[in-house]
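Remarks on the structure that follows.
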Amino acid sequence: MSYSEAKKAYAKIGVDTEKAIKAIKKVPVSMHCWQGDDVCGFESTGGASGGIQTTGNYPGKARTPKELMADIDFAMSLIPGRHRVNLHACYGVHEKKIVDRDKLSPAQFKPWVEWAKRRGYALDFNPTFFSHPKAADGLTLSNPDPAVRAFWVKHGIACLKIAEYFGRELKSPCSINFWMPDGYKDEPSDRLGPRQRMAESLDRIFKYKYDRKLCIPLLESKLFGIGVESYTVASHEFVMGYAMKRGILALLDMGHFHLSENVADKISSFLMFFGKVAFHISRPVRWDSDHVIRQNDDLRAAAQEIVRMGPENFIIALDYFDASINRVAAWVLGMRNMQKELLKAMLSPNAGLKKLQDEGRFTEQLVMQEELKNYPFESVWAEFCRREKVPAGEQWLAAVQKYERDVLSRRQMP
Ligand code: RNT
Ligand code: ZN
């Protein structure tokens, strides 16, 4: 169907496709740098620890900051709209000697800022409380050893300063997400102590008077990790309580709940009581497995909630890492899928559907919800891509395959 025919079909149900195209263009998605190198970072070649795991050994992962930046640039060239890039503290650029986590400063992130300025990206940030000798026992901010806690408190404060630097230099507030893997493989005898220590350490970090105009701290909850199955210190309840008390935002990762829970249902309550909602868009398969997001029911439901409650009230970040497929393709597919679901939700007569619900017209509501799934969304997506000068369909994959032949396949792993 042509765009003008689709436009008419949508107009009949009160949906303005031009408005939707304008709206989707304004929603930035924060693209996670860590899909590009399996969460390895530039400090060691150890790979991710802390209850997270990448599986697969697809060739061509980025080995240096330069390669990672080039891969991100290439991915972005196939994604419509303007987006953000999400960095982790373990992606600092170190000259000769590696600066330890407690001593990190803007100096290690200057090359990222210079690159982001040149490209017009804003940056988000994450302290890295894993893949480090002082996190080897799985406990960081809740560690019984005060010296270990002090080390990680310093890391947290150092990262707040780096986030302020990003916000200031790139003229866009930087979200900084705190996720700590702390927990136990088997039943603990004391569930309270680690949570008290965690709260006390976080208090010490947030005593640093960060500039709220430059950085937005987020706190991410989790259910369990690999090797950390029985107890997670920063659980959903811990995070809800702590974030609320401290006046920071809680972050919902779609992979951090029981598989039968509807994560989208949590959004409205979060919005009511926090005012803004931060999201890690991910896809659990059997466990919190961080597969590339697909256009499935979960993503659709989350996107609908985001659109119905105003995308400006959300911080949308992707979080998955698949090492079994082309990593650039994993980024492009995930970013486009996110945008596709947001656009579908924007092409929905949301006010009309709400009216049907309020008037108890449930037959019409159900029929309309289903019929909408077969509306000519593709034609509007294609028009959006045409205006953004990126391929609308799977032609983007041929470009990635060429990049794989010319660039990725030449990278030898040490
Ligand atoms: C881990 C969390 C966390 C990480 C990133 C790398 O379970 O989801 O957000 O994936 O910080
Ligand atoms: Zn996450």
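All ligand and atom numbering here is 1-based and tracks the order in the structure.
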Between D319 and W34, is any side-chain donor less than 3.5 angstrom from a side-chain acceptor?
-> yes
Are the side chain of W287 and the backbone N or O of G255 linked by a donor-acceptor pair below 3.5 Å?
-> no
for atom 7 (O) of ligand 1, nearest protein heavy atom and its distance come out as K222 NZ, 2.7 Å
Row check, F377 ring normal vs K340 NZ/CZ: under 6.0 Å, within 45° | no
Which residue holds the protein heavy atom closest to atom 8 (O) of ligand 1, what is that atom called, and what is the gap in Å?
-> D319 OD2, 2.8 Å
Establish, from distance only, whether the side-chain atoms of N126 and N86 form a donor-acceptor pair under 3.5 Å.
-> yes
How about Q339 and H83: does a side-chain donor come under 3.5 Å of a side-chain acceptor?
-> yes
Identify, by atom number and element, the atoms of ligand 1 in contact range of H280, meaning under 4.0 Å from any of its heavy atoms.
-> 9 (O)
Numbered atoms and elements of ligand 1 in range of I52, under 4.0 angstrom, heavy atoms = 1 (C), 7 (O)
Nearest-0.5 Å distance that lies between atom CG in N337 and atom CG in L342 = 11.0 Å
For F178, is the NZ or CZ atom of R246 found under 6.0 angstrom from the centre of its six-membered ring and inside 45 degrees of the ring axis?
-> no
Residue D288 vicinity, atoms of ligand 1 by number, heavy atom under 4.0 Å = 7 (O)
Closest protein heavy atom to atom 9 (O) of ligand 1, given as residue, atom name and distance to 0.1 Å = E220 OE1, 2.7 Å
The Zn ion (ligand 2): angle it makes with OD2 (D253) and OE2 (E220), nearest 10 degrees | 90°
Residue F321 vicinity, atoms of ligand 1 by number, heavy atom under 4.0 Å = 10 (O)
At the Zn ion (ligand 2), what is the angle formed between atom ND1 of H280 and atom OD2 of D319, rounded to the nearest 10°?
-> 90°
Please identify which atoms of ligand 1 are closer than 4.0 Å to at least one heavy atom of H256.
-> 1 (C), 2 (C), 7 (O), 8 (O)
Starting from atom 6 (C) of ligand 1, find the nearest protein heavy-atom neighbour and note its residue, name and distance.
-> H88 NE2, 3.4 Å
Where does the angle between the aromatic ring planes of W152 and H132 fall among parallel (under 30°), tilted (30 to 60°) and perpendicular (over 60°)?
-> perpendicular
